[in-house]
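These numbers were taken from a predicted model, which means no experiment stands behind them.
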Amino acid sequence: MSGFFILTGFDYYGEPTPYAWPAISSQFGAMDLCGFPKDFYYYYKAWWGKEKLLHIFPHWNGKPGEKKDVHVFSNCEEVELFLNGRSLGRKTMEPDGYLVWEGIEWEPGVLAGRGFSEGKEAAVSERRTTGAACAVRLAEEYQEGEIHIFRAEIVDCEGRIVPDAEHRLTFTAENGKILGTANGDPSDHDAPGGSIRHAFGGLAQAIVRGGEGLRVSVTAEGLESGI
């Protein structure tokens, strides 16, 4: 083989592979239905890009006694993993490979990785335990003509995305119309054209048509609203 090929960059509705019902969309895209990067997106970015990169997953929220397998995608020669400042060991990255630290016992704090190439630190990344969901934050990601795409993020009181938040979100538009919402969840059965959507991975998306004076907001019970 002279190269490497992936079937889809994005997930898509229908053909729920590799999981069947209640999944209603494919799950093998590098990005989900919203275009939000999945963890595996960073594997391709590491080995197909030139920039030094280090990506750690899963998120670092958990419960006492829980053990997690920690994966690292990187194009650095070596990676050392730290939990709250304690080294969990340094490993060598094989070309086109990835690294796994198995059975790491969860504790609140900071899971950090440091990547080294030619003996020098080349990339860093971390996952922090977040607090409880405090607010929903809204930002416009894209606009072309009257079409606007908004990203909603459920955040804690320090502004960090809460990766396990699944609150029900309601989008509204003044001087505009909600064309659809999504969240990247392959098992979500809410109507794509509706204005209510639960968060998935702490995120959701709304596509809106509107011109001058457009004002979009998102609310969730118990959270500070985003505008």
Under 4.5 Å between side-chain heavy atoms, counting indirect links through other Ile/Leu/Val/Met/Phe/Trp/Tyr residues: same cluster for [X] and [Y] or not?
{"X": "M93", "Y": "F40", "answer": "yes"}
{"X": "F36", "Y": "F10", "answer": "no"}
{"X": "L99", "Y": "W47", "answer": "yes"}
{"X": "F116", "Y": "L54", "answer": "no"}

Considering only heavy atoms from C-beta outward, does the side chain of [X] approach that of [Y] to under 4.5 Å?
{"X": "Y12", "Y": "F28", "value": "yes"}
{"X": "E107", "Y": "R86", "value": "yes"}
{"X": "T130", "Y": "P163", "value": "yes"}
{"X": "W60", "Y": "I104", "value": "yes"}
{"X": "R168", "Y": "D190", "value": "yes"}

Students often mix this up, so state it plainly: with edges at 30° and 60°, are the rings of F57 and F73 parallel, tilted or perpendicular?
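Ring orientation of F57 relative to F73: tilted.
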Would you say [atom1] of [X] has more than 12 non-hydrogen atoms from neighbouring residues, nucleotides or ligands within 6.0 angstrom?
{"X": "E224", "atom1": "CD", "result": "no"}
{"X": "R209", "atom1": "CZ", "result": "no"}
{"X": "K91", "atom1": "NZ", "result": "yes"}

